[in-house]
Amino acid sequence: MWMLEIPPFVPFFIGAVLAAVTRGPLRNMVMIAIPVLSAIHLWMVPDGNHIQFAFLGYELIPYRVDKLSLMFGYVFHIAAFIAIIYALHVKDTVQQVAGLMYAGSGLGAVFAGDLLTLFVFWELLAFTSVFLIWARKSSRSYQAGMRYLIIQVLSGVILLAGALFYAAEHGTLVFEFIGLEGIAGWLIFIAFGIKCAFPFAHNWLTDAYPEATVTGTVFLSAFTTKVAVYTLARGYPGTELLIYIGAAMTCFPIFFAVIENDLRRVLAYSLINQVGFMVVGVGIGTALAINGAVSHAFNDVIFKGLLFMSMGAVLHMTGRINGSDLGGLYKTMPKTTVLCIVGAASISAFPLFSGFVSKSMVMTAALENGHDWVWLMLLFASAGVFHHAGIKIPYFAFFAHDSGIRASDPPTNMLVAMSVAAALCVGIGVYPAALYSLLPYDTGYNPYDATHVLAQTQLLFFSALAFVWLNLRGLYPPELPSTNLDVEWTYRRLFPAIWQRTVGIATRIYQFMGDTFKQTLGVGLDYFARKNNRLSGLLSRNHPAGSMVLWVVVILASYLLLSFIK
Amino acid sequence: MENKKQHIFDNPKNVKRLMSVFYILCVLLFVLDFVINRHVYHNWENLWGFYPIYGFVGCVVLVFVASWMRTFLMRPEDYYEKLEQNNNNSVTTGDDNVDA
């Protein structure tokens, strides 16, 4: 069958234009139709380079399809579909358009076959998504959006520089394995790393995502970091450094998550933790590990989306999101509670939920390749993620002490979106073969053997036991209204402070020098004036202006005389 | 009206029941360790009750370290806003000076 191969970002961008000019039910229909039609189309597209042309002597491939990019393509469609349904009630045109553009940019990036196209979509991801943050319309979100945009654009600029170096070194822009060789390899690695929320470059995520709108955060959680995971899986598989970076990413955020009060910020930290598992998988680079990384990205988009949706529902219905303000919501939001628990069970990798079938691949790969300590860190992180995302989120929002808030379940469209995500979480967990058949490699991996199931269940139950014990003994840190310092302290507090000091000192030095100069000048002038005074009474400073006029008259008169002589 | 309705966990008995089931499950899982013959990838996994103990100890350490981190990381909620606001006030713009 002959078919026109349209890159998936095209329908989304067209959809964004349509969403901008339509309103009401018509817009809703258009917005739901876009991901569905695009997904059906993508399903039928065969592998290969579908668009290819030469530009300034370099071969550009704006649309390349293979198993790796398809995985991300599919899950981005699912994520867009779910997020659009979740946001159907939103009247704000800016958000609807930005959401579609953002999803389209994510799809454009994963199907980009060359670095220049990747750069274009890389920047578009930043410029479209920032509107989802600004749409909150508070000064806090404006500032956070600004910081987000600056960091994202910086990442893009580094990527462009890396791409130019790459073109100079290799004579091509085709995006294949890059590796940490030469300046290009490192520049591109750093660019990917910033978007992937590597340690110390992670703070844009926990800063900006919780400041976005209820529906915006659901979009945000799906695309940017997963695009970065995809690019790492394509450009740097088997890079050992990534194993250690990933292991650090799985561990450090859970400490912050335990003491964080804003529940959506807790989820943002846990997002970094989950991306850490993927980065470890990419770093190990074996077929099993890459499969694990990719499938975990796939599942994470769905269960993290579900968790952000359930917390969004809480924020939407109560206007509050701090753990210290919430509690006891299960009484009036039972459906949201159940759906949130499904998401919590999935991210905690309970058997029969989606996280289990993908995370275990990365863990097994770490062991098989002799990374014992990394494996221990991942195990600790698994227990930790259950602790903060699996227990803390549902417990402090829906149970714990009764906050007295009696909010009802959210609008139907939100519940439908969450139910779709929850169904996928359980479906993938129960029948992982469907997911495995889409993976880039065929490894014959089976997560459901007695060893794995028992080990994981033991780990999780005793983590829960630790929570129960700590809570009963009153040792668990209470939810407190607070800000916890993170890397952002350097650029929100330290650098501004240093800058202010520097400016202050510079101003004082400038003033001092100016004053000294003026003084010296005055002294000098006085000195010469005094000398002059003694030399001639007529031209002295103390002489009245009249004598000056007199002398001018004398000079002019002599000119006149001279002109007569001639 | 809503407040008067009894919910499932308002009754302490139900909480107790849930906790008992949970404790029984924990014990059961621990015992299963000795019943099920697992194939291990690593020597550590042969250790007696490795996963349960690792999970429990790991989480307790996590919470203690996190609580300790609060002592030097925690700031008031409006920590950054205050600073950023101060900055904005110090650089007064023309509009702000109209009334002054």
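Using a 4.5 Å cut-off between heavy atoms, A/A257 does not touch chain B at all. Heavy-atom distances place the side chain of A/Y330, and not its backbone, under 4.5 Å from chain B. The parts of A/L379 that come within reach of chain B are both its backbone and its side chain, each placing non-hydrogen atoms under 4.5 angstrom from that chain. In this structure, chain B has no heavy atom under 4.5 Å from any part of A/P334. Interface residue A/E488: backbone and side-chain heavy atoms are both found under 4.5 Å from chain B. Contact annotation for A/L472: only side-chain heavy atoms (C-beta onward) come within less than 4.5 Å of a heavy atom of chain B. For A/W469, the part lying under 4.5 angstrom from a heavy atom of chain B is the side chain only.
Under the 4.5 Å side-chain criterion, counting only non-hydrogen atoms from C-beta, B/V15 is not in contact with A/F399. At a threshold of 4.5 Å between non-hydrogen side-chain atoms, the residues B/Y54 and A/Q458 do not count as touching. By the 4.5 Å heavy-atom criterion applied to side chains, A/F467 and B/V63 are not counted as neighbours. Under the 4.5 Å side-chain criterion, counting only non-hydrogen atoms from C-beta, A/R140 is not in contact with B/Y80. Side-chain contact between B/F72 and A/L485 is absent, with no heavy-atom pair separated by less than 4.5 Å. For the pair A/N484/B/R75, no side-chain contact is recorded, criterion being any heavy-atom separation below 4.5 Å from C-beta on. Within the 4.5 Å cutoff, no side-chain heavy atoms of A/L459 are placed close to those of B/P52. Counting heavy atoms from C-beta on, the side chains of A/I259 and B/M74 never come closer than 4.5 Å.
For chain B, the option among A/A497, A/S463, A/G328, A/A383 with the highest count of heavy-atom pairs below 4.5 Å is A/S463. With chain B as the partner, the residue from A/S382, A/A455, A/C251, A/P477 showing the most heavy-atom pairs under 4.5 Å is A/A455. Residue with the most contacts toward chain B among A/L480, A/D262, A/N322, A/D486: A/L480 (heavy-atom pairs, distance under 4.5 Å).
Between B/F22 and A/F461, the ring centre distance stays below 6.0 Å. Here B/F30 and A/F462 bring their ring centres to under 6.0 angstrom of each other.
The distance from atom CG of A/L470 to atom CG of B/L62, rounded to the nearest 0.5 Å, is 9.5 Å. Between A/F252 atom CZ and B/M69 atom CE the span is 9.5 Å, to the nearest 0.5 Å. Separation of atoms CG (A/L460) and SG (B/C59) is listed at 9.0 Å; rounding is to 0.5 Å.
The two residues B/D78 and A/T483 make their nearest non-hydrogen contact at N-OG1, 4.4 Å.
With no hydrogens or angles considered, no side-chain donor-acceptor pair links A/N261 and B/E77 at under 3.5 Å. With no hydrogens or angles considered, a side-chain donor-acceptor pair links B/Y79 and A/R493 at under 3.5 Å.
In this structure, A/Y491 places its OH atom where more than 12 heavy-atom neighbours from other residues, nucleotides or ligands lie under 6.0 Å away.
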Just do the side-chain contact (heavy atoms from CB on, under 4.5 Å) check on B/Y51 and A/L454 with the steps written out, would you?
-> CA-CA 9 Å; B/Y51 284 101; A/L454 180 65; over 6 Å; no
